[in-house]
Amino acid sequence: MFQTFTPKEYLQIDIANNFGFDKQEWDDRIGWFDQNEHQLHALVPQAEEPALFYAGILAWEAAKAGKPSGYPISLDATCSGIQILAALAGDRKAAELCNVVNSYEDTNDNKVRKIKRKDAYTSIYRDMVRKLGESAKIDRKLTKKAIMTALYGSTAQPKQVFGEGELLSTFYETMEERAPGAWNINETMLAIWDPTALTYEWVLPDNFHVVIKIMGSVTETVQFLNEPFDISYQVNMPIKNGRSLNANMTHSVDGMIVREMGWRCNYNPAKIQELVKLLDAGAAGRSTRRPQDKLVQTLWDHFQNSGFLSARILQLLDIDNIGLVNHVAIANLIHSLPKKPFETFSVHDRFSCLPNYGNDLRWQYNNLLALIAESNLLGFIVSQMVGRHIVVNKLDPHLAQDIRSTNYALS
């Protein structure tokens, strides 16, 4: 169930988030606000984000007085890297870890199931403690660091955290159990590394190009005042066992999500009205002469190959080129947009907007994860990396059906 809130409730949630309750369920955050509204100003020094907490209080007071504040709420993706890997792989287990799909727990009377906000890092940490026993000397913060880096190919960081014995083997066993598809992507990216490559390049469905230079370290000895000094520097060169592919691939998709959120949330309503009229009229212009026509064709080709249609195409379609694309696909894309456009901005995986649009912001993020789960985006990218067509089957081909109604992907 996708829980919705009023603009005032989003302000309450934002204030609770900035105090330090961003990992709690929605109702608990609102409940905390209700219990502490009378003393919010006194709590500013205790807040995790005191400046934002205070700004939220001023916005709340303005809202109660019926005055606009212009204050944007902010909602964070819960482990965006794992979210993206789960959607790419169709990995339901990983998706449940990071709120890409809902997780439930039974209530006391066992008649109603409650949606639970999950924390992937805490879940994996607790699994390790359960396997190793309460006496195991592992730390949640260090476990989080090991998880983040391990999913991006690092072996050094997990080894630094857990050593080389039972703790480390339990960590890898738990990662594979709790996020099998995401972990398999990581292992695949390590396996396809080309030790002769100088660069890796791929194009995303919105036609943004990724170029990764392979950099290796070279050390030279130089003389200074008759003393030898070793100078190390990075050069573009092949390296034998590179580990950067998964991180770069995931971050490139992360960047595409940010761009898509902007295009989908802050669309031009006059342009959309124009396109709806053209679709209704069955316009069939097929111009390929102009630069925008060529980009329309390129974006459409990417959609055909990846299964992901970028909203960037909406800016480029007009009466002269709308015949280059399938009208039903464009109509479906338009239908997925919010009823009213709104501005949004992000810092990495934290998205902000006015509280009036909090429900739309969250649904658009859910929808993008669902579209990735429905697509062949992983195969599209890997095919470009290895230079041949690759089809990647989803662990759960029906995952997208549950992603759109998830409750805490952005929270």
Side-chain angles (χ1 to χ4, degrees), residues 84 87-88 90 200-211 249 252-338 341 364-394 397 400 403-404:
I84 290 168
L88 288 168
Y200 274 96
E201 302 181 21
W202 61 91
V203 182
L204 293 158
D206 61 356
N207 204 45
F208 273 64
H209 291 236
V210 180
V211 179
M249 182 276 295
S252 73
V253 176
D254 208 352
M256 185 188 76
I257 289 174
V258 170
R259 295 189 295 273
E260 289 291 326
M261 287 289 284
W263 289 323
R264 290 163 189 261
C265 295
N266 196 20
Y267 61 85
N268 181 341
K271 183 66 176 179
I272 297 303
Q273 289 174 10
E274 171 198 339
L275 291 179
V276 169
K277 289 179 181 177
L278 291 174
L279 293 173
D280 289 344
R286 298 182 62 84
S287 169
T288 57
R289 294 175 288 104
R290 302 169 300 170
Q292 78 181 74
D293 303 328
K294 292 179 171 57
L295 184 50
V296 164
Q297 187 63 66
T298 296
L299 291 171
W300 188 254
D301 289 343
H302 292 334
F303 170 51
Q304 297 289 84
N305 292 320
S306 71
F308 185 98
L309 180 58
S310 171
R312 186 183 184 188
I313 202 169
L314 297 176
Q315 308 165 26
L316 304 164
L317 290 170
D318 60 20
I319 192 170
D320 293 321
N321 61 24
I322 199 165
L324 296 173
V325 299
N326 179 278
H327 286 197
V328 174
I330 300 301
N332 289 340
L333 174 55
I334 291 173
H335 181 70
S336 74
L337 301 177
Q364 288 298 323
Y365 186 79
N366 287 5
N367 188 49
L368 282 170
L369 290 177
L371 290 170
I372 290 171
E374 290 169 340
S375 74
N376 180 42
L377 182 55
L378 180 59
F380 179 66
I381 293 173
V382 173
S383 295
Q384 296 176 72
M385 289 177 174
V386 300
R388 64 181 187 276
H389 180 64
I390 299 291
V391 176
V392 180
N393 295 320
K394 307 284 185 179
I403 294 177
R404 289 185 175 89

- Query: How many angstroms lie between CG in Leu371 and CD1 in Ile403, if you round to the nearest 0.5 Å?
  - Reply: 9.0 Å
- Look at Lys271 together with Glu274 and state whether they make a salt bridge at an N to O cut-off of under 4.0 Å. yes
- Task: Give a yes or no answer on whether the side chain of Ser252 reaches the backbone of Met249 with a donor-acceptor pair at less than 3.5 Å.
- Result: yes
- Over 12 non-hydrogen atoms of neighbours within 6.0 angstrom of CD1 in Ile334: yes
- Item | ring-ring contact (aromatic ring centres under 6.0 Å, His included) pairs, two or more places apart, involving residues 303-327 | Trp300-Phe303
- For His335, look at atom NE2 and say whether over 12 heavy atoms of other residues, nucleotides or ligands are found less than 6.0 Å away. no
- Cut-off 3.5 Å, side chains only: do Arg404 and Asn366 have a donor facing an acceptor? no
- Message: Please find the pair of heavy atoms, one from Tyr200 and one from Met385, that lie closest to each other, and give the distance.
- Response: CE2-O, 3.8 Å
- Task: List the steps, then state whether side chain to side chain contact (heavy atoms under 4.5 Å, CB included) holds for Leu378 with Lys394.
- Result: CA-CA 10 Å; Leu378 180 59; Lys394 307 284 185 179; 5.5 Å; no
- Query: Nearest heavy-atom pair of Arg290 and Ser287: which atoms, and what distance?
  - Reply: NE-OG, 4.1 Å
- Glu260 and Ile372: side chain to side chain contact (heavy atoms under 4.5 Å, CB included), yes or no, with the steps? CA-CA 12 Å; Glu260 289 291 326; Ile372 290 171; over 6 Å; no
- Message: Would the distance check show the side chain of Asp206 and the main-chain N or O of Met256 forming a donor-acceptor pair, the cut-off being under 3.5 Å?
- Response: no
- Task: Measure the NE2-CD1 distance between His302 and Ile313 for me, rounded to the nearest 0.5 Å.
- Result: 10.5 Å
- Message: For Ile390, is there any backbone N or O sitting under 3.5 Å from a side-chain donor or acceptor partner on Ser383?
- Response: yes
- Query: Where is the tightest heavy-atom contact between Asn376 and Asn305, given as atom of each residue plus distance?
  - Reply: ND2-O, 3.8 Å
- Query: Rounded to the nearest 0.5 Å, how far does CG of Leu299 lie from CG of Leu324?
  - Reply: 11.5 Å
- Message: Treating Asn266 as the side-chain partner and Gly262 as the backbone partner, does any N or O pair qualify as donor plus acceptor under 3.5 Å?
- Response: no
- Item | Asn326: side-chain hydrogen bond (donor to acceptor under 3.5 Å, both in side chains) partners, not counting sequence neighbours | none
- Message: Just verifying a value: how many Å separate Arg264 CZ and Leu368 CG, rounded to the nearest 0.5 Å?
- Response: 5.0 Å
- Message: Among residues at least two apart in sequence or on other chains, which ones pass side-chain hydrogen bond (donor to acceptor under 3.5 Å, both in side chains) with Gln273?
- Response: none
- Do you know which two heavy atoms are closest between Lys294 and Thr288, and how far apart they sit? NZ-O, 2.9 Å
- Query: If you take all heavy atoms of Gln364 and Pro338, which pair is closest and at what distance?
  - Reply: NE2-CD, 3.2 Å
- Task: Could you tell me the separation between the CG atom of Asn207 and the CG atom of Leu316, rounded to the nearest 0.5 Å?
- Result: 10.0 Å
- Mind checking the CG-CG spacing from Leu88 to Leu369? Nearest 0.5 Å is all I need. 9.5 Å
- Task: Indicate yes or no: at least one non-hydrogen side-chain atom of Tyr267 is less than 4.5 angstrom from one of Cys265.
- Result: no
- Note on the structure: Minimal heavy-atom distance between Leu333 and Ala311, with the atoms involved, is CD2-CA, 3.9 Å
- Message: Does either side chain, that of Asp293 or that of Gln297, offer a donor lying less than 3.5 Å from an acceptor on the other one?
- Response: no
- Query: Could you go step by step and tell me if Leu314 and Leu275 meet the side chain to side chain contact (heavy atoms under 4.5 Å, CB included) rule?
  - Reply: CA-CA 8 Å; Leu314 297 176; Leu275 291 179; 3.9 Å; yes
- Query: Are any non-hydrogen side-chain atoms of Tyr365 and Ile257 less than 4.5 angstrom apart?
  - Reply: yes
- Could you go step by step and tell me if Ile381 and Leu204 meet the side chain to side chain contact (heavy atoms under 4.5 Å, CB included) rule? CA-CA 7 Å; Ile381 293 173; Leu204 293 158; 4.0 Å; yes
